[in-house]
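A quick write-up on the structure given underneath.
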2 protein chains.
Amino acid sequence: MNDATLTIADRIQQKLDALTRAERQLAHSILENYPASGLGPLTALAKDASVSVPTVARMVQKLGFKGYPEFQAALREELKAKVKNPIAKHDTWAEGAPSGHMLNRFTDAVIDNIRHTLAQIDPDAFDAACALVADRDRRLCIVGGRITHTLAEYLFLHMQVIRPNVTHIQSTSNAWPHYLLDTRDSDVFVIFDMRRYENNTLRLAQMAKAQGARIILFTDQWRSPVHQIADISLSGRIVVPSAWDSVATTLLLVETMISSVQNLNWDTTKDRMEELEGMFDQTKLFRKFT
Amino acid sequence: MNDATLTIADRIQQKLDALTRAERQLAHSILENYPASGLGPLTALAKDASVSVPTVARMVQKLGFKGYPEFQAALREELKAKVKNPIAKHDTWAEGAPSGHMLNRFTDAVIDNIRHTLAQIDPDAFDAACALVADRDRRLCIVGGRITHTLAEYLFLHMQVIRPNVTHIQSTSNAWPHYLLDTRDSDVFVIFDMRRYENNTLRLAQMAKAQGARIILFTDQWRSPVHQIADISLSGRIVVPSAWDSVATTLLLVETMISSVQNLNWDTTKDRMEELEGMFDQTKLFRKFT
DNA sequence: CGTTCGTTGTGATATTTTTTTCAGAAATTT
DNA sequence: AAATTTCTGAAAAAAATATCACAACGAACG
């Protein structure tokens, strides 16, 4: 019997492809807080996953159990074994991988980065930055460098949906001076600059500043020289066990900003999103059914 | 005392002296393998402890529960809370911001995503993916969609430094069929596809597969349809309190992959990096002093 | 455009589980 | 040692839970 080594979570994961839509939905709900939810009554589980009662019964049968009670019994056995076995202690992120595995080491580092970054961020400055970015009366210009232009573009793609008048400039391009020609003093520049800090980005920031624009800077813990002229600086920790830095924490900040800005003027954003949806529907770019 | 901080095991211990003989016997049986035994049916628990059924019912009432089901529900809640990693217990990540602040809510969600993602990832599959990507003899093609091309490019920019023969294709572009012309069966495609899944990406994957290429897929927890033909699928959780999804967890996986791949052939990567540094020095793109 | 297949949920039925009742056993007190 | 109180467990009643059969729905195919 090879069931001994396979947890029920594994079995669910493995069968995931053979399951139907509602069953998959249920499976994810079970894994969501495993194994607690599976130990409650069938009815509660079904309600929790927003599927019907028989769907649950059918799925556990597909998993190889005679019925829901047997499934629960197996779950309890597994729990009993796990508590007894000290090796099962949850000190690694990816179970099944040694603690020295890159997955665990890297995740450790990133979580640490997040903790440090959030601990030292000024919520008021962050809110102020969001308010500036959300202000439709100001033109918004998003600037990234050689690597960070990916982050810049990510922010740009979302801002484009939320509000009008957004531009994405890559500081490594030699076309950017053109963009600065008609910068007004109400404009807002969101600039990404992580080490190694780029000369082009600094120059661009200086010129924008000279024209009266507000500058919001995303940088790392050591701060780009741009921060001296930036109105608001948001710095994230980026150290990981790698030859490169991690922008995961910065992305977290960016995504949080997107979410905040979207909330600040949800009424109009909603309309824009629906409009966009309609246009995408016509392009058949996306699949109709998940 | 508030029950919030007291586990049920604690409550049983505390009440132990106030219990009768049969009840004490039962209590010890529950603590014997806690909490599994308490999550089974009342009848089984009674039999296990060699006490009668009503004894169980009476004891849980002495413990302050209305009935056995309520006792079980409390046990499940406790289990649910326990499974959550202690690191996720921070109610506020950004001190100085209320716990309801977007910074805290969003970070909570992302940490949760990371935890779930890492818990269900298969380290062997991940390692296999890294090995494929690291193999210099295979050409590497990185594919992204409307939003995910930012992730794709991030991976591309780093791979470009680490190894030769890397291409970045945007599936929304209509130029991609050209790239597939001379796909060989040793090629590796790294494909990003998160909801809403894109038809173009699926078609591209199918064509690549038909030409014999290996496919590594980065997707979300619900899995792009591409995963049916992918050799290796890496899925990340993406749910956050926002109208959009979060790719922060996926970025974590991507960065970890970069780091792993870099380690796999550090000897040659090192040379390439130094060479690149030299070239950058000449362009004066970066600042000399941090 | 209609047909067919697989999937899903509703309602009825059967089963299990929990609660209650009550009588006998054990312990304690007088 | 008898009376009283407290505890315990068997069995029945009540409640909930799980299973089953069937109809409705929606997607895929010709």
Side-chain angles (χ1 to χ4, degrees), chain A residues 8 12 15-30 35-76 281 284 286-290, chain B residues 8 12 15-30 35-76 195-197 199 202-203 206 222-225 228-229:
Chain A
I8 296 183
I12 294 175
K15 282 259 180 182
L16 212 58
D17 299 328
L19 299 179
T20 64
R21 178 192 56 76
E23 285 169 350
R24 238 192 323 269
Q25 190 176 322
L26 167 66
H28 277 118
S29 177
I30 293 175
S37 51
L39 292 164
L42 187 154
T43 321
L45 180 59
K47 196 175 163 194
D48 217 52
S50 308
V51 298
S52 72
V53 167
T55 302
V56 181
R58 279 189 288 258
M59 199 198 74
V60 296
Q61 284 187 358
K62 277 194 187 174
L63 253 48
F65 299 101
K66 204 182 163 194
Y68 188 71
E70 195 182 287
F71 166 74
Q72 284 192 314
L75 223 45
R76 280 196 301 273
D281 277 352
K284 289 187 183 170
F286 299 115
R287 289 178 70 80
K288 269 188 197 160
F289 314 113
T290 49
Chain B
I8 297 183
I12 293 175
K15 282 257 181 182
L16 213 58
D17 297 331
L19 299 178
T20 66
R21 178 193 56 75
E23 285 169 350
R24 240 194 318 273
Q25 192 176 322
L26 167 65
H28 280 118
S29 177
I30 293 176
S37 50
L39 291 165
L42 188 152
T43 322
L45 179 58
K47 196 174 163 193
D48 218 51
S50 308
V51 299
S52 70
V53 166
T55 301
V56 181
R58 279 189 289 259
M59 200 198 74
V60 294
Q61 284 188 356
K62 277 194 185 173
L63 254 48
F65 300 100
K66 205 182 162 195
Y68 188 69
E70 195 181 286
F71 167 74
Q72 285 192 315
L75 270 180
R76 281 196 300 272
R195 72 168 184 196
R196 309 175 39 180
Y197 313 118
N199 281 321
L202 178 58
R203 260 184 250 127
Q206 282 164 338
W222 300 285
R223 289 178 175 177
S224 143
Q228 287 167 352
I229 58 170

What's the shortest heavy-atom distance between B:P41 and A:R76, and which atoms? CD-NH2, 3.8 Å

Can you check the B:M59 CE to D:dC7 C1' distance for me, whole Å? 15 Å

Find the distance between CZ (A:R24) and NE2 (A:H28) and round it off to the nearest 0.5 Å. 8.0 Å

Does either side chain, that of A:Q25 or that of A:R21, offer a donor lying less than 3.5 Å from an acceptor on the other one? yes

Can you check whether B:L202 reaches B:Y197 side chain to side chain, under 4.5 Å on heavy atoms? no

May I ask you to list the residues of residues 36-49 of chain B, by number, that have any heavy atom positioned under 4.0 Å from an atom of DNA chain D? none

Drop me the distance from B:K15's NZ to B:D17's CG, to the nearest 0.5 angstrom. 11.5 Å

Which atom of A:S29 lies closest to which atom of A:S37, heavy atoms considered: O-OG, 3.8 Å

A:M59: which of A:V51, A:T20, A:I30 passes side chain to side chain contact (heavy atoms under 4.5 Å, CB included): A:I30

For B:R24 and D:dC7, give me the distance from atom CZ to atom C1', rounded to whole Å. 12 Å

How many angstroms lie between atom CG of B:L45 and atom OG1 of B:T55, to the nearest 0.5 angstrom? 10.5 Å

Dump the pairs, protein N or O against N or O of nucleotides 3-5 of chain D, anything under 3.5 Å, distances to one decimal.
none

Which of residues 62-70 of chain B sit near DNA chain C, with a heavy atom under 4.0 Å from it? B:G67, B:Y68, B:P69

Return the minimal non-hydrogen interatomic distance between A:I12 and A:L63, and the atom names on each side. CG1-CD2, 3.6 Å

Rounded to whole Å, the CD-P distance (A:Q61 to D:dT19) equals 7 Å

Name all pairs fulfilling the salt bridge (Lys or Arg N to Asp or Glu O under 4.0 Å) condition that reach into residues 36-50 of chain B, sequence neighbours left out, sorted by first residue then second. none

Going by the salt bridge (Lys or Arg N to Asp or Glu O under 4.0 Å) test, which pairs reach into residues 49-65 of chain A, not counting sequence neighbours? A:E23-A:K62

With the side chain counted from C-beta on, respond yes when A:F65 and A:I8 share a heavy-atom pair under 4.5 Å apart, and no when they do not. yes

Hey, what are the protein-to-nucleotides 8-10 of chain C N/O distances that come in under 3.5 Å?
from	atom 1	to	atom 2	distance (Å)
C:dT8	OP1	A:T20	OG1	3.3
C:dT8	OP1	A:R21	N	3.2
C:dT8	OP1	A:A22	N	2.7
C:dT8	OP2	A:T20	OG1	2.2
C:dG9	OP2	A:S52	N	3.2
C:dG9	OP2	A:S52	OG	3.3
C:dG9	OP2	A:T55	OG1	3.2
C:dG9	N7	A:R58	NH2	3.3

Interatomic distance, B:L75 atom CG to B:Y68 atom OH [nearest 0.5 angstrom]: 8.0 Å

